[in-house]
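We number each residue from 1, following the sequence as shown.
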Amino acid sequence: MSWLRAGLMAVLLLTAVVLQLTVLPLFGLPGATPDIVAVTVIGLGFVGGPVRGSVAGFSAGLLLDLAPPADGLLGLSAVVLVVVGYLAGLLGQTERSPLAAVGLTGLLTGGIVLGFALVGGVVADPRVSWDRVPGLLLTQVAYAVVLAPFVLALVTWLWRKVDPPPPRYDVGRA
């Protein structure tokens with residue numbers, strides 16, 4: 001079953017990266033472009049745990065860094081998304097309501113904006129502008145909260161289809 005999970009992760013991440021780079025910028029929304037890759041990584045972290053969340057974050061970050069137009073620093077997205085994938089995996093180990101999962105997705109996506117700004121500031125990335133961070137933070141969190149119910153539900157449903165939980169037998173009844 002681990003190969004099916006790895007294949008599902010690859011398909012979900014590749015689809016999210018293609019949508020992120022080709023379809024979502026066409027909407028022309030104010031502020032940041034909705035980050036469907038981050039929401040997908042967070043969803044995979046929630047269902048897969050910290051290790052799979054880290055692998056998903058690193059893979060998605062590398063795909064984003066290598067996909068045209070690759071104008072940033074190689075590995076910057078991977079560094080930030082691996083941390084967010086790991087944190088999502090840690091937070092996903094406890095049962096919570098769907099509303100709490102959406103809220104956590106918004107918080108983690110806000111952490112991505114701050115992480116890009118901090119790491120980009122440390123390595124002197126010319127794309128980092130601190131006066132734009134509050135607006136990007138606000139719009140990115142809002143877009144993530146809108147995307148999260150759909151993406152998290154899809155990721156969870158597909159994850160359970162690929163690897164359904166073991167059946168629970170009721171031994172006491174005849």
- Minimal non-hydrogen separation, A16 against T40, with atom names: CB-OG1, 3.6 Å

- Message: Using 0.5 Å steps for rounding, measure from the CG atom of L8 to the CH2 atom of W3.
- Response: 14.5 Å

- Item | Whether over 12 other heavy atoms sit under 6.0 Å from L99 CG | no

- Within-4.5 Å side-chain heavy-atom neighbours: L147 and T109: no

- Item | Atom of A60, atom of V37 and distance for their closest heavy-atom approach | CB-CG1, 3.6 Å

- Query: Do the side chains of W159 and L4 join up, straight or via other hydrophobic residues, at under 4.5 Å, putting them in one cluster?
  - Reply: yes

- Message: If I compare all heavy atoms of D65 with all of S77, which pair ends up nearest, and what's the gap?
- Response: OD1-OG, 2.9 Å

- In sequence, state the C-alpha distance, the side-chain angles, and the governing distance for V11 and L158, and then conclude on side chain to side chain contact (heavy atoms under 4.5 Å, CB included). CA-CA 11 Å; V11 167; L158 288 172; over 6 Å; no

- Cluster overlap V119 with L66, hydrophobic side-chain contacts below 4.5 Å: yes

- Task: Please answer: with hydrophobic residues joined when any side-chain heavy atoms are less than 4.5 Å apart, are V39 and W157 in the same cluster?
- Result: yes

- L44 with L19, same ILVMFWY side-chain cluster at under 4.5 Å: yes

- Minimum-distance pair of heavy atoms, taken over all atoms of A67 and L21: CB-CD1, 3.4 Å

- Message: If I compare all heavy atoms of R96 with all of L104, which pair ends up nearest, and what's the gap?
- Response: NE-CD1, 3.2 Å

- If you count the non-hydrogen atoms of other residues, nucleotides and ligands that lie under 6.0 Å from CZ in F58, is the total more than 12? no

- Is there a side-chain contact between L13 and V41 (heavy atoms, below 4.5 Å)? yes

- Query: Is any side-chain heavy atom of M9 closer than 4.5 Å to a side-chain heavy atom of V55?
  - Reply: yes

- Over all heavy atoms of both residues, which pair between S54 and Y86 is shortest? Give the atoms and the distance, please. OG-CB, 3.3 Å

- Apply the side-chain contact (heavy atoms from CB on, under 4.5 Å) test between I42 and each candidate in L81, L87, D35, T105; give the one that qualifies. T105

- Item | Same cluster (ILVMFWY, side-chain, under 4.5 Å), L138 and V102 | no

- Side-chain contact, heavy-atom cut-off 4.5 Å: F116 with V133? no

